[in-house]
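Because only heavy atoms are used, hydrogens play no part in the values below, and waters and symmetry mates are left out as well, while side chains stay in.
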Amino acid sequence: MNWRSGSRGVVLTAYHHSGGGGDGPGGRRSGQYTMNHEHFRKTPDGASFDRSGSQDSLDELSMDDYWKELENIHETRGTNHEERVVVKEPDEGELEEEWLKEAGLSNLFAESSGDSLESMVFLSTLTRTQKAAVEKRVETVTQTMRKKNKQHHIPDVRDIFRLQNDSKGKVCDGSDPSAVPASENKTEAQDGTEGTKFSLGADEEKSPLEDVPSSDTDINLEISFAEQAANLKDLSGGKICRGGAGDTLLPNYRVPKDKTGTTKIGDLAPQDMKKVYSLALIELTALYDVLGTELKQQKAVKIKTKDSGLFGVPLSVLLEQDQKKVPGTRIPLIFQKLITQIEEATLETEGLLRIPGAATRIKSLCQELEAKFYDGTFNWENVKQHDAASLLKLFIRELPQPLLTVEYLKAFQDVQNLPTRKQQLQALNLLVLLLPEANRDTLKVLLEFLQRVIDHRDKNKMTLKNVAMVMAPNLFTFHGFGSKALEQSEFVMAAGTANVMRSMIQYQDLLWTIPKFIVNQVRKQNVEKQRKEKKDKAMKKLLKKMAYDREKHEKLERSTNDADVPQGVIRVQAPHLSKVSMAIQLTEELKAGDVVARFLSQKSGSVQTLKKEEVFLYEIGGNIGERCLDDDTYMKDLYQLNPNAEWVIKSKQS
């Protein structure tokens, strides 16, 4: 598809690929039509256009960079499209079944669904809107199964949830009181001691936030996003409030400081991240349900793709071959090298990312890289900066599956349809949590690089707007979805995805934060699981009689190590780094960073060679698997939230 802009409108030339693919003779046929900007402002049936929230931005933002980038993309398009992943339209009910599977609830429909205690524990921690999202999918699958006469146990949704009769149980923040029943506020930890009190709503005890005023630019991570949207809807009489989504200026959003620490992606252990993934999927679905926006996961049909090389190779395959060269690498080596090549030549070059390299030259460099990159014989001195930038964009769009994944690319695109900028950010936050680790890590490096380019905008003339316009076609267009026939929807998508791209760059720090309400739900799941395990443990107590002496010895050893630790004191250990163990008195102002600094001041053993940024304090056990603490975590507040945790200092690599 070829795009070129003029003063009165935008001309689109659509290319339809035949079986041979590519841009050569016989590989396409073209049809041309014109979109006039004035037409879109006056069109009587422009409701869907207005709904996208993009009109205000279109009046302000020049779309020329977007159309030119699309033209460059088609000039350098590869010829192996017949080997790409394509998207399958799911059958009736198949989408919901897949959704339940992704949410970790597929055993509700298995033959052993009667024994689904772990799922029941998971479901017991859901909020009102999250429960509604699950109920809706269960009902759809149940009806589909009955139509198809599937030989499965078909649960009644009333067996899964105790349905709320009406909205009498709603609390002022919109969360569901049944998510944390009063009888369960105080739970027993695994060792039989009284556990922490959990809160998913404002009717419980207040969360330890700094005393800061709430404003429109504050992002509340304490309360479910879907519940916040439901409250706004309730307050407006059932109408969805819209505003700010299409504003050209992006607000300076901030997250009010949480005394128990901010949790970033990568801070939690894998077993807890699995729970985060399931909760994020349910929460995103609930948010879209409340806002009246359809969330449809796409399904990729797996077909043959390249199993070696650099361009057009699945990320997982790339990383597998790269890790043989550089163990532990998380980002494709070619991707890292191209960014380095661009930056070494200075980020002050005018038109960086926007001005393309010659198509024939890019093709030649691509072939040479495929042959020589891994054996180290490729001559990087021959690669000009604009060529490296073109190769970087080529790498992204030649991935067999989009960097944002087939499953969620449309969901990323549809973020533009959400009513407010804040809700768009909330959706993006959840979508980032749903990306596979390799995609997420690569996207993070890309966004950080793009921000560094923008930081030199005074010299390179690449503002946030320009960079977003150039990069959006590379991340958001995917041949597997086919091309839309309506020119208006093409125009809206162009503006909308450019706006989504702007938000992803501008608010990237926020997007890698795990909302506290999700972390709290993970904590509650862990507590409930521990209660179950404790009951199972009691049943097996007789089997441990034979190990009595050994247990007695271990208890004596533990009591010796932890003897006489007074109330309000924690013992911090560093078993991976040294034999240092310290008892530290908790105070109102003591932070995790202070604990690490005190530990490093000991200068004993291997500690002498460590730097502050290399080691972190971890919260381990109790109601969390493992969590790396940011330096500003107030230890006394966190201790009250998880009194049964152990406190360990270690590096992230250990």
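In this structure, E348 does not pair ionically with K461, as no charged nitrogen and carboxylate oxygen lie closer than 4.0 Å. The pair E589-K636 does not meet the salt-bridge criterion, since no charged nitrogen lies less than 4.0 angstrom from a carboxylate oxygen. Under the 4.0 Å criterion applied to side-chain N and carboxylate O atoms, D218 and R254 are assigned as salt-bridge partners. Using a 4.0 Å cut-off between charged side-chain N and carboxylate O, D267 and R627 make no salt bridge.
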I'd like to know whether E528 forms a salt bridge (Lys or Arg N to Asp or Glu O under 4.0 Å) with R531, so could you lay out the CA-CA distance, the side-chain angles of the two residues, the decisive distance to 0.1 Å, and finally the verdict. CA-CA 5 Å; E528 295 296 327; R531 292 174 67 188; 3.5 Å; yes
Could you please spell out the steps behind the side chain to side chain contact (heavy atoms under 4.5 Å, CB included) verdict for L279 and L126? CA-CA 8 Å; L279 289 164; L126 301 186; 3.8 Å; yes
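Counting only N and O atoms by type, the side chains of Q424 and S503 include no donor and acceptor under 3.5 Å apart. Under the 3.5 Å distance criterion, with hydrogens and angles disregarded, a donor-acceptor pair is assigned to the side chains of Q130 and Q521. One side chain, Y277 or E102, offers a donor N or O that lies under 3.5 Å from an acceptor on the other.
Paired with Q506 under the rule side chain to side chain contact (heavy atoms under 4.5 Å, CB included), one option of N252, L511, L425 passes, and it is N252.
By the neighbour-count criterion of 12 heavy atoms within 6.0 Å, atom NZ of K101 is sparsely surrounded, having that number or fewer from other residues, nucleotides or ligands.
Residues E619 and C628 have side chains not in contact (no heavy-atom distance under 4.5 Å, counting atoms from C-beta outward).
The aromatic rings of W647 and Y639 are tilted relative to each other, their planes meeting at an angle between 30° and 60°.
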